[in-house]
Amino acid sequence: MDIILTISLLASNRRESLERCLDSLKPLLVKIPSELIIVFTGTDKKVLEIAQKYTPQIITFEWCNDFSAARNIGLEAAQGEWFLYIDDDEWFDDVEQICQFFLSGEHKHYHSAHYIQRNYQDWFGTKYSDFSAFRMVRRIPEACFRGAIHEELTPRREPCKYFHTYVHHYGYAGNGENREGQKTARNIPLLLKAIQNNPGHVKNYMQTTKEFDLAGDWKKAEEYCQKGRAVCRKFGDTFSEGWLQAYLSGLLCKKSEKGEAILEIESMLKAEHPKELISLVLYQQLVHLCTNGDEPEKAVWYGRRFEELLDYMEENPCLWVQQGYGEFCEDYIKAPDHLYGLRMDCSASGLKLKDQNTALFFLKRLPWEQGDILCRYYPQFERWKENYASSFWEIFSKLWSHEYICSDTAGSQAARLQKSREADNSLKDGRPVSVYLLFQKALYLMENDKPTEGKELFSHCLGHPDSYDTYLRQLFLKEAIGHQINMSLLAKQMDLAAWDRCTDKVIQELPYTLNSRIQACELHLGKEYPLYSLCLKKYRLEQKLFKGFPLWEELIQTLEDYCLCIMEFYKGLYREEMFEGKNISCLPKECRFAATVLEALEKLEQMQMPEAVRLLSDAIHVKTDMWGVVTELFRQAARRMDDPALQAGDEFLNLAGQMKETLYTLLDAGQTAQASQILKQVLPLIPEELELIWIGQELIRRRKL
């Protein structure tokens with residue numbers, strides 16, 4: 001049987017990822033006639049043992065800092081009609097598309113193929129960028145790898161198949177700047193030497209540009225990018241020149257002088273007439289620069305040029321494939337940060353220019369039905385509401401009026417109208433598209449003489465399945481408190497830890513004037529969700545302690561209520577024995593703080609001041625953010641210690657009461673001199689008595705008259 005596919009794997013000492021890589025290749029080895037060649041460049045015998053389980057074709061290669069030399073060893077040994085290469089720190093997500101490519105005979109109509117390399121920036125798999133990698137070729141005698149670093153398989157012949165299949169690659173994730181710096185320090189000298197030996201090979205300039213960029217040397221990166229562009233012009237390589245134009249625009253964005261960067265990119269557009277896809281990249285960079293450079297008119301102008309060109313590309317989808325090169329491809333243009341970031345910038349510029357039509361034009365092209373994308377812009381929307389209140393409500397009222405609550409990312413006018421109708425129908429079916437827009441509509445109704453309708457819509461938002469975003473939940477909670485809306489539906493969707501964090505954040509930001517409204521909300525919530533209600537109560541009392549500036553009686557009472565609330569909360573979570581003896585040291589710090597303060601307050605009531613002071617000192621070392629509250633407690637307690645009235649018996653207090661009555665009688669009779677003499681004797685004995693202080697001020701006022 002003829003071998004259709006050779007898979008060549010470069011293996012070093014990465015034993016932890018090698019087996020996953022090999023495991024992902026199994027379907028290819030099973031379903032299609034194929035061979036696996038492993039070129040071993042490492043020293044780890046365990047790696048060899050793993051490799052030998054999958055193939056007898058293992059070639060040992062002594063590493064010489066030349067990736068192409070190592071790759072060519074595998075290529076020279078290949079017997080397949082097609083050749084695919086991969087690294088030991090990559091693994092396929094799914095190879096079914098590649099399998100069908102060969103099983104169906106489709107491979108006979110192509111000469112090369114790309115698949116996607118998904119490069120992760122963290123170990124959680126949430127941050128990544130996709131790169132269309134040229135990794136497959138119909139094998140011909142002249143095929144070979146070139147370039148010591150970031151090797152390139154040549155020649156690249158058309159037609160080319162573009163797979164949606166991708167490999168996971170964590171090579172850039174979580175290894176810190178040190179490893180990246182080491183790779184850059186290793187790669188740059190090799191690339192500079194390669195340029196010296198072969199000054200006409202543009203790929204080396206591209207890779208050198210990237211390496212200097214990674215090293216943070218943007219001046220050098222720009223220098224080699226410009227040198228690469230000169231080589232492209234010399235040899236008429238418009239394909240590589242497009243990549244260099246796009247990369248250069250990104251480097252220019254890093255300049256501190258935004259105006260200079262804008263002029264250089266504008267010059268590229270006017271003088272060099274880049275291809276459509278590259279022009280889209282340049283427009284994106286210009287919008288970003290003009291927005292940050294406070295040139296809103298230009299930002300809007302380039303944003304509209306971008307949208308017109310994007311519509312043209314959508315109507316001619318073959319251009320995406322023909323013009324894409326490396327990371328600068330359709331996925332780059334449509335990446336949410338790039339595409340929707342541009343539209344947000346243009347909307348912001350429209351608002352700044354007081355041009356509501358422009359702001360609406362770009363806003364209606366956001367993916368309103370995709371909460372997972374739209375949520376990143378909620379804080380910006382809220383800032384707009386604060387800074388451009390009248391324009392905000394005017395524009396958003398049009399967005400929630402059915403016709404624009406739909407994704408309008410690109411496509412023909414007919415397609416956009418169809419999406420609009422679908423959105424309208426979804427609303428009629430009770431399936432709202434954008435919970436954020438419905439939330440804004442609810443607020444608008446409540447604040448504009450339709451409170452009942454607004455509260456019903458708000459309650460619907462609280463229970464909406466898409467209301468999972470942390471920031472949105474904070475907005476919900478804040479407005480629910482302000483408008484006195486039962487928040488049980490919101491609590492139902494959140495675990496207790498998330499609710500606690502959300503409540504803490506929101507109440508910190510609320511003014512103290514809403515403290516009583518928080519209390520009303522916690523009472524409603526307590527019927528169904530007592531622990532959630534206690535969370536709300538805890539942060540309300542904390543707000544009162546910090547922002548209410550209570551005096552002695554209220555301070556003591558509030559602090560006691562706060563600590564009792566904390567203890568009740570944790571007694572709802574832990575067994576009773578956890579609050580006995582040494583077990584209490586295992587409880588969360590705020591629980592230990594509360595238990596200690598309650599004991600201290602008891603000592604204060606018993607006038608055992610030294611013990612109370614010791615306990616309060618222990619408490620603030622457990623929960624340092626309560627330092628201000630405990631310090632104020634100390635201050636007020638010290639003043640009370642110096643107040644003779646508090647140390648006296650009932651006879652003294654009765655006498656003091658009689659003296660106050662005498663002072664009022666003297667004041668009424670106009671006998672200010674006699675009143676002043678009595679006050680001088682009484683006030684030092686009762687320095688905290690407000691009535692005596694008031695009488696003293698009245699005597700001063702009358703003397704002035």
Side-chain angles (χ1 to χ4, degrees), residues 470 477 491 494-510 512 515 518-519 522-523 525-526 529-638 640-641:
T470 299
L477 182 58
M494 300 171 69
D495 61 54
L496 190 57
W499 174 265
D500 184 71
R501 291 191 297 270
C502 182
T503 307
D504 183 16
K505 176 73 173 174
V506 168
I507 294 181
Q508 281 188 47
E509 295 177 355
L510 285 177
Y512 181 65
N515 198 271
I518 300 170
Q519 186 174 16
E522 78 194 35
L523 291 173
L525 192 62
Y529 299 94
L531 289 176
Y532 287 64
S533 175
L534 287 169
C535 272
L536 206 55
K537 182 178 181 179
K538 175 180 68 173
Y539 291 117
R540 174 181 64 80
L541 291 170
E542 197 171 275
Q543 185 195 58
K544 188 174 181 180
L545 287 168
F546 283 114
K547 298 181 181 180
F549 307 109
L551 295 178
W552 180 255
E553 287 79 6
E554 190 179 11
L555 176 60
I556 290 289
Q557 187 60 58
T558 305
L559 185 57
E560 183 180 12
D561 290 345
Y562 173 70
C563 294
L564 288 171
C565 173
I566 291 173
M567 296 302 291
E568 185 180 355
F569 175 80
Y570 285 103
K571 284 180 179 179
L573 297 177
Y574 295 98
R575 292 193 303 249
E576 190 174 340
E577 54 263 34
M578 289 298 296
F579 298 86
E580 298 171 357
K582 294 181 179 180
N583 288 340
I584 199 167
S585 64
C586 301
L587 293 170
K589 63 180 182 180
E590 69 174 1
C591 185
R592 288 182 278 126
F593 167 84
T596 306
V597 169
L598 286 171
E599 188 178 352
L601 292 177
E602 188 177 340
K603 299 299 181 186
L604 270 179
E605 188 178 353
Q606 298 167 0
M607 299 302 291
Q608 298 179 28
M609 289 303 296
E611 183 62 12
V613 169
R614 183 190 68 77
L615 288 166
L616 289 170
S617 297
D618 290 345
I620 56 177
H621 283 96
V622 173
K623 189 169 167 57
T624 55
D625 57 351
M626 295 298 290
W627 178 275
V629 172
V630 175
T631 301
E632 179 60 20
L633 184 66
F634 280 146
R635 189 188 71 82
Q636 293 193 34
R640 290 176 64 80
M641 290 274 296

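Please read these numbers as outputs of a predicted model, since none were measured by experiment.
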Measure the [atom1]-[atom2] distance between [X] and [Y] for me, rounded to the nearest 0.5 Å.
X	Y	atom1	atom2	value
L477	E509	CG	CD	10.5 Å
S533	L523	OG	CG	6.5 Å
Q557	L541	CD	CG	10.0 Å
E554	L559	CD	CG	12.0 Å
I566	K623	CD1	NZ	6.5 Å
I584	T596	CD1	OG1	6.5 Å

Closest approach of [X] to [Y] (non-hydrogen atoms, all atoms of both residues):
X	Y	answer
M626	I620	O-CG2, 4.1 Å
A612	A600	CB-O, 3.7 Å
M567	C591	SD-O, 3.6 Å
A594	C563	CB-O, 3.6 Å

Could you tell me whether the side chain of K547 and the main chain of L510 form a donor-acceptor pair under 3.5 Å?
->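 Yes, the answer is positive, given that a donor and an acceptor are paired below the 3.5 Å cut-off.
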Under the 3.5 angstrom rule, does the side chain of R592 hit a backbone N or O of L587 as a donor-acceptor pair?
->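 Yes; judged by distance alone, with no hydrogens or angles, the pair exists.
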Atom [atom1] of [X] with >12 non-hydrogen neighbours under 6.0 angstrom:
X	atom1	value
Q608	CD	yes
E577	CD	yes
R635	CZ	yes

For side-chain hydrogen bond (donor to acceptor under 3.5 Å, both in side chains), just list the numbers for E632 and Q636, CA-CA rounded to whole Å, side-chain angles, deciding distance to a tenth of an Å, and then say yes or no.
-> CA-CA 6 Å; E632 179 60 20; Q636 293 193 34; 2.8 Å; yes
Side chains of [X] and [Y]: closer than 4.5 Å at any heavy-atom pair?
X	Y	value
L633	W552	yes
L496	C535	yes
F569	P530	no

side-chain contact (heavy atoms from CB on, under 4.5 Å) between S617 and V613, intermediate numbers included | CA-CA 6 Å; S617 297; V613 169; 4.2 Å; yes
Show the numbers, then the answer: is there a side-chain contact (heavy atoms from CB on, under 4.5 Å) between L615 and V597?
-> CA-CA 7 Å; L615 288 166; V597 169; over 6 Å; no
W627: which of T624, T631, D625 passes side-chain hydrogen bond (donor to acceptor under 3.5 Å, both in side chains) =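 The passing option is T631.
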Is it true that E611 and R614 make a salt bridge, defined as a side-chain N closer than 4.0 Å to a carboxylate O?
->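 Yes.
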Would N515 and Q519 satisfy side-chain hydrogen bond (donor to acceptor under 3.5 Å, both in side chains), going step by step from the backbone distance to the final call?
-> CA-CA 7 Å; N515 198 271; Q519 186 174 16; over 6 Å; no
Using the salt bridge (charged side-chain N to carboxylate O under 4.0 Å, His left out) rule, pick out the option among K537, K538, R540 that qualifies with E522.
->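 The passing option is R540.
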Can you label the angle between the Y532 ring and the W499 ring as parallel, tilted or perpendicular, going by 30° and 60°?
->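 Tilted.
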side-chain contact (heavy atoms from CB on, under 4.5 Å) evaluation trace for F549 with L555 | CA-CA 8 Å; F549 307 109; L555 176 60; over 6 Å; no
So Q543 and Y512, side-chain hydrogen bond (donor to acceptor under 3.5 Å, both in side chains) or not? Walk me through it.
-> CA-CA 7 Å; Q543 185 195 58; Y512 181 65; over 6 Å; no
Determine, step by step, whether F593 and Y562 satisfy the side-chain contact (heavy atoms from CB on, under 4.5 Å) criterion, reporting the C-alpha distance in whole Å, the side-chain angles of both residues, the deciding distance to 0.1 Å, and the verdict.
-> CA-CA 11 Å; F593 167 84; Y562 173 70; 4.0 Å; yes
Distance only, no hydrogens: is a donor on one side chain within 3.5 Å (strictly under) of an acceptor on the other, for E590 and Y570?
->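 Looking only at side-chain atoms, Y570 and E590 do form a donor-acceptor pair, the distance falling under 3.5 Å.
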